[in-house]
Chemist: 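To start, I am sharing the structure in question, which I have written as C-alpha cells.
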Amino acid sequence: EYKSRKDLYPIIFVHGHSFEIERGDIQTSLSTFDHMSKYFSQNGYVEESLLYPESAEKLIKGVWAFCDKPVVIRLTYYDGLVSGKTHNYKPSIADYSPVLKKEIENILQATNKDKVIIVAHSMGGILSRYYILKDMGKDKVHKLITISSPHYGVRDGASFLSNLPF
C-alpha cells in the first residue's frame, strides 16, 4: 500500500540549533524528536534513528521503497559528528542549507518518493524554510511544520536567522 500511495511521504525531523556544541555535547538538540519518532515507529512507520550528513550518501537507492511502510527520519545538519570532529558553527543559514538539501535528496532516492514532510524545531524550521524558498526545495517538500521557530528573527546574537521573506 505505501509504495503505491502518493500521499504517504517520508517524515523528516530537523532539530534546532545547539548552543551545547561548545561544551562538546549536542545530544539535547539531537534528541528533540526522539519521542515523536518512537511514536511513529510504534504506529507502523520504519524509523531511522539519526541520519548524519556523512552517512546520508550511503543510503541505497530505493532501500526504503521495498518495505511496505512509510519512513520517519531524524537528521542533523551538523557535519563532522560521525567522525568525532568538533562541529564548527557556520556563519549563516545559507551555509547549512546545502547539507539539508543533500540529505533530503538522498532520502528521496532511498524512498522512491518525490516529496517529504518536514517537522522542524527552532532553527531547524528557519533552515527548512530557507531550503524551500532559496535552495530549490519548493517542489520536494509537501508540508513544512515548524515548532518554536523564530520566523521574525531573534534579538541579539543570531541576526542571521531573520533575513528570510514570508
Side-chain angles (χ1 to χ4, degrees), residues 2-3 5-19 21 26 28-53 55-57 59 64-65 69-79 81 87 89-155 158-166:
Y2 170 66
K3 291 184 260 186
R5 288 190 55 185
K6 300 288 184 194
D7 61 332
L8 283 177
Y9 298 109
I11 297 173
I12 298 176
F13 293 118
V14 183
H15 63 83
H17 188 55
S18 175
F19 291 101
I21 289 179
I26 64 165
T28 302
S29 184
L30 295 181
S31 64
T32 301
F33 291 109
D34 281 357
H35 293 294
M36 280 190 197
S37 186
K38 291 286 180 216
Y39 172 83
F40 280 97
S41 174
Q42 293 168 350
N43 286 280
Y45 281 68
V46 174
E47 177 187 16
E48 173 69 27
S49 57
L50 186 60
L51 187 63
Y52 295 93
S55 60
E57 290 180 354
L59 290 176
W64 286 317
K69 297 180 178 183
V71 179
V72 61
I73 305 152
R74 290 182 309 119
L75 61 78
T76 181
Y77 44 83
Y78 293 140
D79 45 14
L81 297 177
H87 171 77
Y89 288 125
K90 295 184 179 185
S92 73
I93 295 295
D95 295 315
Y96 284 107
S97 187
V99 177
L100 181 64
K101 178 181 180 179
K102 189 173 190 179
E103 287 178 305
I104 289 174
E105 287 171 357
N106 286 324
I107 290 166
L108 290 172
Q109 264 197 332
T111 58
N112 282 345
K113 293 290 185 174
D114 59 345
K115 294 183 184 221
V116 298
I117 295 170
I118 299 175
V119 179
H121 174 250
S122 192
M123 188 179 104
I126 303 301
L127 170 58
S128 298
R129 194 175 88 225
Y130 183 94
Y131 163 71
I132 291 166
L133 295 175
K134 305 263 185 176
D135 210 1
M136 298 182 289
K138 184 177 181 181
D139 295 331
K140 295 180 181 173
V141 178
H142 178 66
K143 289 182 185 174
L144 170 62
I145 301 162
T146 64
I147 303 166
S148 297
S149 295
H151 294 289
Y152 291 99
V154 295
R155 296 178 64 136
S159 61
F160 67 91
L161 294 177
S162 62
N163 63 352
L164 291 176
F166 289 91

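All values below were derived from every heavy atom in this structure, side-chain atoms included, with hydrogens, water molecules and symmetry-related copies excluded.
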Chemist: If we only count heavy atoms from C-beta on, is the Thr146 to Arg129 side-chain gap below 4.5 Å?
Modeler: no

Chemist: Report the residues that fulfil side chain to side chain donor-acceptor pair (under 3.5 Å) with Lys143, sequence neighbours left out, ordered by chain and then residue number.
Modeler: none

Chemist: Roughly how far, to the nearest 0.5 Å, is the CD1 atom of Ile132 from the CD1 atom of Ile104?
Modeler: 7.5 Å

Chemist: For the residue pair Ile126 and His151, establish whether any side-chain heavy-atom pair is separated by less than 4.5 Å.
Modeler: yes

Chemist: Calculate, to the nearest 0.5 Å, the distance between atoms CD1 and CG belonging to Ile117 and Leu8 respectively.
Modeler: 8.0 Å

Chemist: Nearest 0.5 angstrom please: Leu127 CG to Lys90 NZ, how far?
Modeler: 10.0 Å

Chemist: Please identify each residue that fulfils side chain to side chain donor-acceptor pair (under 3.5 Å) with Asn106, with sequence neighbours left out.
Modeler: none

Chemist: What closest approach, in Å, do Ile118 and Ser128 show between heavy atoms, and which atom pair accounts for it?
Modeler: CG2-OG, 3.4 Å

Chemist: Less than 3.5 Å apart, any donor N or O on the side chain of Thr76 or His15 sitting next to an acceptor on the other?
Modeler: yes

Chemist: Taking atom CG of Asp139 as the centre, does the number of heavy atoms from other residues, nucleotides or ligands within less than 6.0 Å exceed 12?
Modeler: no

Chemist: Partners of Ser37 by side chain to side chain contact (heavy atoms under 4.5 Å, CB included), sequence neighbours excluded?
Modeler: Phe13, Glu47, Val72, Arg74

Chemist: A side-chain contact here means heavy atoms from C-beta on lying under 4.5 Å apart; do Ile107 and Leu51 qualify?
Modeler: yes

Chemist: Parallel, tilted or perpendicular: which fits the ring planes of Tyr96 and Tyr77, with parallel below 30° and perpendicular above 60°?
Modeler: perpendicular

Chemist: Give, for atom CG of Asp34 and atom OG of Ser41, the distance between the pair rounded to the nearest 0.5 Å.
Modeler: 11.5 Å

Chemist: Only pairs at least two apart or in different chains count here, so list each ring-ring contact (aromatic ring centres under 6.0 Å, His included) that has a residue in residues 131-150.
Modeler: Tyr9-His142

Chemist: Restricting to non-hydrogen atoms, name the atom on Pro70 and the atom on Gly44 that form the minimum distance, rounded to 0.1 Å.
Modeler: CD-O, 3.9 Å

Chemist: Taking side chain to side chain contact (heavy atoms under 4.5 Å, CB included) as the test, write out the residues that go with Asn112, two or more places apart.
Modeler: Ala65

Chemist: Would you mind reporting whether Glu103 and Val14 have side-chain heavy atoms less than 4.5 Å apart?
Modeler: no

Chemist: Under the salt bridge (Lys or Arg N to Asp or Glu O under 4.0 Å) rule, collect the residues that match up with Lys101, sequence neighbours excluded.
Modeler: Asp135

Chemist: Quick check for you: to the nearest 0.5 Å, what is the distance between Phe33 atom CZ and Leu75 atom CG?
Modeler: 10.0 Å

Chemist: Nearest 0.5 Å please: distance from the OG atom of Ser149 over to the NE2 atom of His121.
Modeler: 7.0 Å

